[in-house]
Amino acid sequence: MRSFALEIVTPDRVFYTGPAQSLTVDTPLGKMGVLYQHEPVVAALAPSEIKVIIEDKERTAVCTGGFLEVLGEKVYIFAQSIEWLEDIDAQRAQEALERAKRHLEAAQRENNKYEIQRHVWALERAQARLRSLKGRAEARFGEGKSDGGDTSGGSSGGAEGERR
Ligand code: ATP
């Protein structure tokens, strides 16, 4: 499969820059696949998984929202925040979820619209992370594997061009 140049950035770091053979993202209109020479497009990204094939290996990242842009030979993802699935800290995500719920309830009691929105977004970020971890655990259970930290198939940490 032919590669295209992919760049994934967040407000504070370059998450990935290098070649990719395919990309699958979730947009509000549904799943969207990107291959070499995809037509130019800009699309919003839902808090969801991004699947990317790099050197014939599929990797999954969890993005908490952002934009995709296909521009000529290059594909950009501007993500609010993004992590490789195997790097997600489940306990941290669970704590973030519980904190967001508590703060959301307090904001709702005070009818503070700004705070409500802030904590809804925090809740959605934590939910996206936990959903992906759960999906991975279920997929492994289906394959008869334990979820004991094996990141094979997911991790190609040495992929050319990667910066984290
Ligand atoms: P928290 O309250 O735990 O920081 P958050 O949703 O507010 O969660 P973000 O603002 O989305 O966090 O992200 C801040 C940074 O921390 C980003 O670099 C993001 O990739 C990373 N991050 C957030 N949650 C996790 C997690 N559960 N596991 C690994 N990295 C995380």
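Note that the structure is predicted; figures quoted are calculated from it, not measured. Counting starts at 1 for both ligands and their atoms, in listed order. Side chains are part of it too, since the values below use all heavy atoms of this structure and drop only hydrogens, waters and symmetry mates.
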Undergrad: Any luck finding a side-chain donor-acceptor pair between S132 and E49 under 3.5 Å?
TA: yes
Undergrad: Look at the aromatic rings of W84 and F15 and report parallel, tilted or perpendicular, splitting at 30° and 60°.
TA: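 Correct class here is tilted.
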Undergrad: Does any N/O atom on D89 come nearer than 3.5 Å to any N/O atom on ligand 1?
TA: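 In this structure, D89 places an N or O atom under 3.5 Å from an N or O of ligand 1.
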Undergrad: May I ask you to say whether E95 pairs ionically with R92, meaning some side-chain N is under 4.0 Å from a carboxylate O?
TA: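 No, E95 and R92 are not salt-bridged.
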Undergrad: At a non-hydrogen distance cut-off of under 4.0 Å, which region of T10 contacts ligand 1 (side chain, backbone, both, or neither)?
TA: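 Looking at T10 and ligand 1, no heavy atom falls under 4.0 Å.
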Undergrad: Using 0.5 Å steps for rounding, measure from the CD1 atom of I82 to the CD1 atom of I50.
TA: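 Separation between the atoms: 4.0 Å.
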Undergrad: According to the salt bridge (charged side-chain N to carboxylate O under 4.0 Å, His left out) rule, which pairs have a member within residues 101-113, sequence neighbours left out?
TA: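 Residue pairs with at least one partner in residues 101-113: there are none.
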Undergrad: Within the structure, is a non-hydrogen atom of E95 found at a distance of less than 4.0 Å from ligand 1?
TA: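 Flag not set, E95 not near ligand 1.
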Undergrad: Just to be sure I'm reading this right: ignoring hydrogens, which of Q80, R92, R125 gets closest to atom 14 (C) of ligand 1? Compare them by their nearest heavy atoms.
TA: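 Ranked by closest heavy atom to atom 14 (C) of ligand 1, first place is R92.
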Undergrad: Considering only non-hydrogen protein atoms, determine which one is nearest to atom 17 (C) of ligand 1 and report residue, atom name and distance to 0.1 Å.
TA: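 Minimum-distance protein heavy atom for atom 17 (C) of ligand 1 reads S81 CB, 4.1 Å.
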Undergrad: In terms of residue, atom name and distance, what is the protein heavy atom nearest to atom 2 (O) of ligand 1?
TA: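 The answer is R99 NH2, 2.7 Å.
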Undergrad: Where does I82 meet ligand 1, judged by heavy-atom distances below 4.0 Å: at the side chain, the backbone, both, or neither?
TA: backbone
Undergrad: Would you call R59 and E86 a salt bridge, taking side-chain N to carboxylate O under 4.0 Å as the test?
TA: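 Here R59 pairs with E86 in a salt bridge, since their nearest N and O are under 4.0 Å apart.
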Undergrad: By number and element, which atoms of ligand 1 are closer than 4.0 Å to a non-hydrogen atom of A93?
TA: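 Counting atoms of ligand 1 from 1, those under 4.0 Å from A93 are 27 (N).
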Undergrad: Which residue supplies the protein heavy atom nearest to atom 18 (O) of ligand 1, what is that atom called, and how far is it?
TA: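 Answer, as residue, atom name and distance: R13 NH2, 4.0 Å.
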Undergrad: Okay, side chain of T64, backbone of S81: is any donor-acceptor separation there less than 3.5 Å?
TA: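 Here the side-chain-to-backbone pair exists.
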Undergrad: Under the 3.5 angstrom rule, does the side chain of Q21 hit a backbone N or O of E55 as a donor-acceptor pair?
TA: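 Between the backbone of E55 and the side chain of Q21 there is a qualifying donor-acceptor contact (under 3.5 Å).
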Undergrad: Among protein heavy atoms, which lies nearest atom 30 (N) of ligand 1, and at what distance?
TA: E83 CG, 3.6 Å
Undergrad: Which residue owns the protein heavy atom closest to atom 12 (O) of ligand 1, what's the atom, and how far is it?
TA: R129 NH1, 3.8 Å
